[in-house]
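Within every chain, numbering begins at 1; the chains are lettered A, B, ... in the order of the sequence lines, protein sequences first and strands thereafter.
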Number of protein chains: 2
Amino acid sequence: MTQPLPKYDVFQAIADPTRRQLLQLLTDQEMPVTVISGHFPMSRTAVSKHLRVLAEAGLVKERKVGRETRYRLDPEPLRELKRWLAYYERYWENKLSMLKHYVESDESDETTS
Amino acid sequence: MTQPLPKYDVFQAIADPTRRQLLQLLTDQEMPVTVISGHFPMSRTAVSKHLRVLAEAGLVKERKVGRETRYRLDPEPLRELKRWLAYYERYWENKLSMLKHYVESDESDETTS
DNA sequence: ATTATACGAAACCAAATGGTTTCATGTCAA
DNA sequence: TTGACATGAAACCATTTGGTTTCGTATAAT
């Protein structure tokens, strides 16, 4: 009940460039925190925080193995992004519709004044 | 030269829910600031700032008409997002590859220890 | 000419963000 | 058991962010 109400959504999660790099890095490999942070010019703790943000957004899954925590990509939440994007896709698919809208709103005013 | 070096990229721009609503609102209509801000529970100035962020990311275009500034959607920068997304798409297209990766990285360790 | 409208700029503020360092804890290795 | 390693939690800090209010200015309307 009362879902933990994730603090971060996909949109926020991918807004940060470091987090996007993290996703890319974890695409093909499940990796422990220390190894992951080795790829970034910031402290392990900082990377760890980014990972938690990604985890809250559901973009990575963690798994405890001995004393280490391994992370791997879970692209599932990107579906939402895909759907969001699909809505606008038709607008660049044919620039015609764009132009149409532009002209229409333009006229609707010029003719009224 | 030396491009104004846009302060906001698409990822940041769409991270904010208000700005996503703005995009949606401007999808079918070119609108002046006052009208736009009428759709939001915040000050006109606040909306204006969001619009500037969107403009810097190239997601909206502004046009001065008399004393008003009209904004309209420009979905072009969303192509970049689309491309970014395409990279991950294959990973959810078949969960098989995901599982494969998972098992592989799992074994590569269990068998080594 | 005067007033009202549409807007941006500026100054300001609280909260969120991205980073740090330090400390505590659990697990592995000698 | 003793020490090293892997990690998260906590406290802290500077900057950014998202919002506000106030003021200036350009354009439109009377």
Trainee: Looking only at side-chain N and O atoms, does B:S43 come under 4.0 Å of OP1 or OP2 in D:dG19?
Mentor: no
Trainee: Report yes if at least one side-chain N or O of B:Q12 is closer than 4.0 Å to OP1 or OP2 of D:dT17; otherwise report no.
Mentor: yes
Trainee: Going by modelled atom types, is there a donor-acceptor pair between the base of D:dT7 and the side chain of A:R67 at under 3.5 Å?
Mentor: no
Trainee: What's the NZ-P distance between B:K64 and D:dT25, to the nearest Å?
Mentor: 15 Å
Trainee: Kindly point out which of D:dG19, C:dT20, D:dG8 is positioned nearest to the side chain of A:Y71?
Mentor: D:dG8
Trainee: With a 4.5 Å cut-off on side-chain heavy atoms, are A:H50 and A:F40 touching?
Mentor: no
Trainee: Does A:R44 put a side-chain nitrogen or oxygen below 4.0 Å from OP1 or OP2 of C:dT21?
Mentor: no
Trainee: Tell me, with the steps shown, if A:R72 and A:L26 meet side chain to side chain contact (heavy atoms under 4.5 Å, CB included).
Mentor: CA-CA 5 Å; A:R72 66 189 172 84; A:L26 295 174; 5.7 Å; no
Trainee: Is the phosphate of D:dT21 approached by B:T45 (side-chain N or O, under 4.0 Å from OP1 or OP2)?
Mentor: no
Trainee: Give the rounded distance in Å between these two atoms: CD of B:E62 and P of C:dA6.
Mentor: 17 Å
Trainee: For a quick test of reading the model: is some side-chain N or O of B:S48 closer than 4.0 Å to OP1 or OP2 of C:dG8?
Mentor: yes
Trainee: Which nucleotide wins on minimum distance to the side chain of A:H50, given the candidates C:dG18, C:dA11, D:dA6?
Mentor: C:dG18
Trainee: Just how far, in rounded Å, is P of D:dA9 from NZ of A:K49?
Mentor: 11 Å
Trainee: Tell me: CG of A:D16 to P of C:dA16, nearest whole Å?
Mentor: 18 Å
Trainee: Under 4.0 Å between a Lys/Arg side-chain N and an Asp/Glu carboxylate O for A:E62 and A:R70?
Mentor: no
Trainee: Flag the pair B:E30 and B:R63 as a salt bridge only when some basic side-chain nitrogen lies within less than 4.0 angstrom of an acidic carboxylate oxygen.
Mentor: yes
Trainee: Can you find a side chain N or O atom of A:Y8 that sits less than 4.0 Å from OP1 or OP2 on C:dT17?
Mentor: yes
Trainee: Between D:dT7 and A:R70, is there an OP1 or OP2 to side-chain N/O distance shorter than 4.0 Å?
Mentor: no
